[in-house]
Enquirer: 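I'd like to ask some things about the structure below.
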Amino acid sequence: MIKILNGSNKESIFSRVSPKVDVEKIVSDIISDVKERKDDALFEYTLKFDKAKLSSLRVSEEEIENAIKTVDQEFLRILKRSADNIRNFCEKQKREGFEFINNDGALVGQKIVPIERAGLYVPGGTAAYPSTVLMDSIPALVAGVSRVVMVTPPDKEGKINPVILAAASVAGVKEIYKVGGAQAIAGLAYGTESIPKVDKIVGPGNAFVAEAKKQVFGLVSIDMIAGPSEIMVVADKKNNPEYIASDLLSQAEHDKLASAVLITDDKDFANAVSEEIEKQIPMLLREDIARQSIDENGKIIVVSDIQSAIDLANELAPEHLELCLDNAKEYLDKIKHAGSVFLGRNCPEAMGDYIAGPNHTLPTSGTARFSSALSVDDFIKKVQYVYYDEKSLKDTAKDVEYFAKKEGLTAHAKSAVIRIKD
């Protein structure tokens, strides 16, 4: 049963049951093996972990076409609708470079350059997530990434879930490989005979995938080290307890480690939501997962007023934050730390997961204090440039010389003034 806590009990609010499994050494060994043996290692790990004996890692065009034929037309329509919304949102995120003449008379500027190769990790395992394919690939394609490479684990027959391939086709991803886990991250980071070395790796995964991304960071860029999914709902007694319970369970069913938190200013409403959660859990397809998540990491926090709820939400910096309140948009300016915010009584977090357009790859575990949702910005570089002509250099070189000598860098100083000594 979900815990009901007083808002002043901070230690209990922030606690979360987490696994006591050290994956660092396992992942390190896998990465070293893939780095050395490349495709041979990937084939062996795919057989070991996914029980699939493959003759080729790459998904063929024929496989993609056959998969699309098996997906119902209604789902294809919805995939296209979602992709259009995501693409439109991403188009608004695109930025342009600039240039101007600075106070010295020099031309300075910045240009926007997309990264060349992006690797997308799409989880397999307990569920298939075509939404992740759309959310991770479309920002890269809108940014102008020239080579987008997707990796995802196969089933034991060596096939990829058709809905994953359909989503890739709708998004515009053509290069897909049948490999998952830490070994897939290693393949993207170092390159193999089949898989190209990429510049950035994005996408969620299990603890082994997260650790692998952490270990290859620096050799390549990554989006984030994502933890278990989490939702925080700020709601008053005007809400229907059934609705709020379903919102909390929408994240609890993701993962046994997922965290679902309700903050309310009404104790009776808290009890009503708790009772409704217990009614709904047995009806879920992923009942066992939701049950453990709610029992171990679920919380309902009772505070004195809604402003206290907002303050606590900012302190916790949740991945998903629902403001189920009248005039919810009026509270938006008060939210400083959250991955994505859902406003009003008719906007469950699932709208953002699938259809609205803003990205659902979000910072977790309080990292919304300093990081943001995946976006077009994750797939670009900002390249600066400077141009001094003879006059602007002459007017400025002595100051550069003086500055450089203060730092003890005489070659720096000389490089500026040597050009004006005559």
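Values in this document were obtained by computation on a predicted structure and should not be read as measured data. If you read the sequence from its start, that first residue is 1, and numbering goes on from there.
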Enquirer: Would you say the side-chain atoms of Ser82 pair up with the backbone N or O of Tyr354, donor to acceptor, closer than 3.5 Å?
Expert: yes
Enquirer: Please walk me through it: do Ile231 and Val261 pass side-chain contact (heavy atoms from CB on, under 4.5 Å)?
Expert: CA-CA 6 Å; Ile231 186 171; Val261 177; over 6 Å; no
Enquirer: Can you tell me if CZ on Phe217 sees more than 12 non-hydrogen neighbours from other groups inside 6.0 Å?
Expert: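 No, because the 6.0 Å sphere around CZ of Phe217 holds 12 heavy atoms or fewer from other groups.
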Enquirer: For Arg345 and Asp236: C-alpha separation, side-chain torsions, deciding distance, then whether salt bridge (Lys or Arg N to Asp or Glu O under 4.0 Å) applies.
Expert: CA-CA 10 Å; Arg345 305 188 194 281; Asp236 56 24; 3.0 Å; yes
Enquirer: Can a salt bridge be assigned to the pair Asp326 and Lys238 using a cut-off of 4.0 Å between side-chain N and carboxylate O?
Expert: yes
Enquirer: Does Asn239 use its side chain to pair, donor to acceptor, with the backbone of Ala235 at less than 3.5 Å?
Expert: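 No; judged by distance alone, with no hydrogens or angles, the pair does not exist.
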Enquirer: Determine whether Phe379 and Leu141 make a side-chain contact, defined as any pair of heavy atoms from C-beta on separated by less than 4.5 Å.
Expert: no
Enquirer: Has Lys3 got a side-chain atom pairing as donor or acceptor with Asp295's backbone, closer than 3.5 angstrom?
Expert: yes
Enquirer: To the nearest 0.5 Å, what is the distance between OG on Ser131 and CD1 on Ile78?
Expert: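 The distance works out to 12.5 Å.
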Enquirer: Between Lys48 and Glu44, does any side-chain N to carboxylate O distance fall below 4.0 Å?
Expert: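 Between Glu44 and Lys48 there is no salt bridge, as every charged N stays at least 4.0 Å from the carboxylate O atoms.
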Enquirer: Exactly one of Val34, Val151, Val179 should register a side chain to side chain contact (heavy atoms under 4.5 Å, CB included) with Leu188. Which one does?
Expert: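 With Leu188 as partner, side chain to side chain contact (heavy atoms under 4.5 Å, CB included) holds for just one option, Val151.
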Enquirer: For Asp136 and Tyr121, does a side-chain donor sit closer than 3.5 Å to a side-chain acceptor?
Expert: no
Enquirer: Write down the atom of Val400, the atom of Ala416, and the distance for their closest heavy-atom approach.
Expert: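 Of all heavy-atom pairs spanning Val400 and Ala416, the closest is CG1-CB, 3.7 Å.
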Enquirer: Counting only heavy atoms not in Phe75, do more than 12 fall under 6.0 Å of its CZ?
Expert: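 Yes - once you tally the heavy atoms of other residues, nucleotides and ligands closer than 6.0 Å, there are more than 12.
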Enquirer: Once rounded to the nearest 0.5 Å, what's the spacing between atom CD1 of Ile2 and atom OG of Ser293?
Expert: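 Here the interatomic distance stands at 8.5 Å.
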Enquirer: So does Val376 get a backbone contact from the side chain of Gln93, meaning a donor-acceptor N/O pair under 3.5 Å?
Expert: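 Pair found, side chain donor or acceptor close to backbone of Val376.
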Enquirer: To the nearest 0.5 Å, what is the distance between CZ on Arg95 and OG on Ser375?
Expert: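 Atom-to-atom, Arg95:CZ and Ser375:OG are 8.0 Å apart.
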Enquirer: Taking the side chain as everything from C-beta on, heavy atoms only, tell me whether Pro123 gets closer than 4.5 Å to Asn206.
Expert: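 Not touching, per the 4.5 Å side-chain cut-off.
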Enquirer: Within a reach of under 6.0 Å around CD of Glu193, are more than 12 heavy atoms found that belong to other residues, nucleotides or ligands?
Expert: yes
Enquirer: How many angstroms lie between CD1 in Ile86 and CD in Glu91, if you round to the nearest 0.5 Å?
Expert: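 Between Ile86 CD1 and Glu91 CD, I get 13.0 Å after rounding to 0.5 Å.
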Enquirer: Taking only Lys NZ, Arg NE, NH1 and NH2, and the carboxylate oxygens of Asp or Glu, determine whether Asp155 and Lys159 approach each other closer than 4.0 Å.
Expert: no
Enquirer: Check whether the side chains of Lys111 and Gln384 place a donor and an acceptor atom closer than 3.5 Å, and report yes or no.
Expert: no
Enquirer: Is there a side-chain contact between Val149 and Leu120 (heavy atoms, below 4.5 Å)?
Expert: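 A side-chain contact is absent here, since even the closest heavy-atom pair is not under 4.5 Å.
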Enquirer: Any donor-acceptor pair under 3.5 Å linking the side chain of Thr46 with the backbone of Leu42?
Expert: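 Between the backbone of Leu42 and the side chain of Thr46 there is a qualifying donor-acceptor contact (under 3.5 Å).
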Enquirer: Can a donor-acceptor pair be found, under 3.5 Å and without considering hydrogens, that links the side chain of Asn85 to the backbone of Ile355?
Expert: yes
Enquirer: Tell me whether Phe49 at atom CZ has more than 12 heavy atoms from other residues, nucleotides or ligands lying less than 6.0 Å away.
Expert: yes
Enquirer: Within the structure provided, determine whether Val71 and Ile68 are in side-chain contact (heavy-atom separation under 4.5 Å).
Expert: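 No; the side chains remain at least 4.5 Å from each other.
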Enquirer: Determine the sole option in Val209, Ile222, Ile30 for which the side chain to side chain contact (heavy atoms under 4.5 Å, CB included) test with Ile185 is passed.
Expert: Val209
Enquirer: Could you go through the salt bridge (Lys or Arg N to Asp or Glu O under 4.0 Å) check for Lys178 and Asp50 one step at a time?
Expert: CA-CA 10 Å; Lys178 303 175 183 180; Asp50 303 304; over 6 Å; no
Enquirer: Before you tell me yes or no, could you show the steps for Asp395 and Ser392 under side-chain hydrogen bond (donor to acceptor under 3.5 Å, both in side chains), namely the whole-Å CA-CA distance, both residues' side-chain angles and the distance that decides it to 0.1 Å?
Expert: CA-CA 5 Å; Asp395 292 343; Ser392 55; over 6 Å; no
Enquirer: Is there a side-chain contact (heavy atoms from CB on, under 4.5 Å) between Tyr129 and Met135 once you walk through the steps?
Expert: CA-CA 10 Å; Tyr129 297 114; Met135 294 290 181; over 6 Å; no
Enquirer: Could you give the distance from CZ (Arg58) to OH (Tyr177), rounded to the nearest 0.5 Å?
Expert: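 It is 4.5 Å, given to the nearest 0.5 Å.
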Enquirer: Search all heavy atoms of Ser371 against all heavy atoms of Pro363 and return the closest pair with its distance.
Expert: OG-CB, 3.2 Å
Enquirer: Between the side chains of Asp84 and Arg81, is the shortest nitrogen-to-carboxylate-oxygen separation below 4.0 Å, so that they form an ion pair?
Expert: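 Not counted as a salt bridge, because no side-chain N and carboxylate O are separated by less than 4.0 Å.
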Enquirer: Charged N to carboxylate O under 4.0 angstrom, Glu116 versus Lys197?
Expert: no
Enquirer: Does atom CG (Asp389) have a neighbourhood of more than 12 heavy atoms from anything else shown, all under 6.0 Å?
Expert: yes
Enquirer: Got a second to check how far Lys334's NZ is from Ile306's CD1, nearest 0.5 Å?
Expert: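 The CD1 atom of Ile306 is 10.5 Å from NZ of Lys334, to the nearest 0.5 Å.
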Enquirer: Under the 3.5 angstrom rule, does the side chain of Glu230 hit a backbone N or O of Ser365 as a donor-acceptor pair?
Expert: yes
Enquirer: Between Asp247 and Glu349, is there a side-chain heavy-atom distance shorter than 4.5 Å?
Expert: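 Glu349 does not reach Asp247 side chain to side chain.
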Enquirer: When you look at Met150 and Ile164, which way does the side-chain contact (heavy atoms from CB on, under 4.5 Å) test go after all the steps?
Expert: CA-CA 10 Å; Met150 191 176 100; Ile164 295 294; 3.6 Å; yes
Enquirer: Between Met224 and Leu362, is any pair of side-chain heavy atoms under 4.5 Å apart?
Expert: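 Met224 does not reach Leu362 side chain to side chain.
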Enquirer: Between Asp265 and Lys237, is there a side-chain N and carboxylate O pair less than 4.0 Å apart?
Expert: no
Enquirer: Does a side-chain heavy-atom distance below 4.5 Å link His337 with Phe370?
Expert: no
Enquirer: Does the side chain of Asp305 come under 3.5 Å of the side chain of Ser308 through a donor N or O and an acceptor N or O?
Expert: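 Yes.
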Enquirer: Please report the closest heavy-atom contact between Ala128 and Asn161, naming both atoms and the distance.
Expert: CB-ND2, 3.4 Å
Enquirer: Check Ser169 against Ile64 and note the closest heavy-atom contact, atom names and distance.
Expert: CB-CG2, 4.3 Å
Enquirer: Does the side chain of Asp39 pick up a donor-acceptor pair with the side chain of Thr192 at under 3.5 Å?
Expert: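 Per modelled atom types, Asp39 and Thr192 side chains form a pair under 3.5 Å.
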Enquirer: With the threshold set at 4.0 Å, does a side-chain nitrogen-carboxylate oxygen contact exist between Lys200 and Asp378?
Expert: yes
Enquirer: Counting neighbours of CG on Asn103 that are heavy atoms of other residues, nucleotides or ligands and sit closer than 6.0 Å, is the number greater than 12?
Expert: no
Enquirer: Verify, without hydrogens or angle tests, whether Asn314 (side chain) and Lys336 (backbone) share a donor-acceptor contact under 3.5 angstrom.
Expert: yes
Enquirer: Is there a donor-acceptor contact under 3.5 Å linking the side chains of Ser229 and Gln251?
Expert: yes
Enquirer: Kindly determine whether Lys381 and Asp199 satisfy side-chain contact (heavy atoms from CB on, under 4.5 Å), including the steps that lead there.
Expert: CA-CA 11 Å; Lys381 300 175 294 178; Asp199 303 308; over 6 Å; no
Enquirer: Any non-hydrogen side-chain atom of Tyr190 less than 4.5 Å from a side-chain atom of Ile31?
Expert: yes
Enquirer: Are any side-chain N or O atoms of Glu63 and backbone N or O atoms of Leu165, one a donor and one an acceptor, separated by less than 3.5 Å?
Expert: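 Absent.
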Enquirer: Taking NZ, NE, NH1 and NH2 as the nitrogens, is one of them in Arg147 or Glu175 under 4.0 Å from a carboxylate oxygen of the other?
Expert: yes
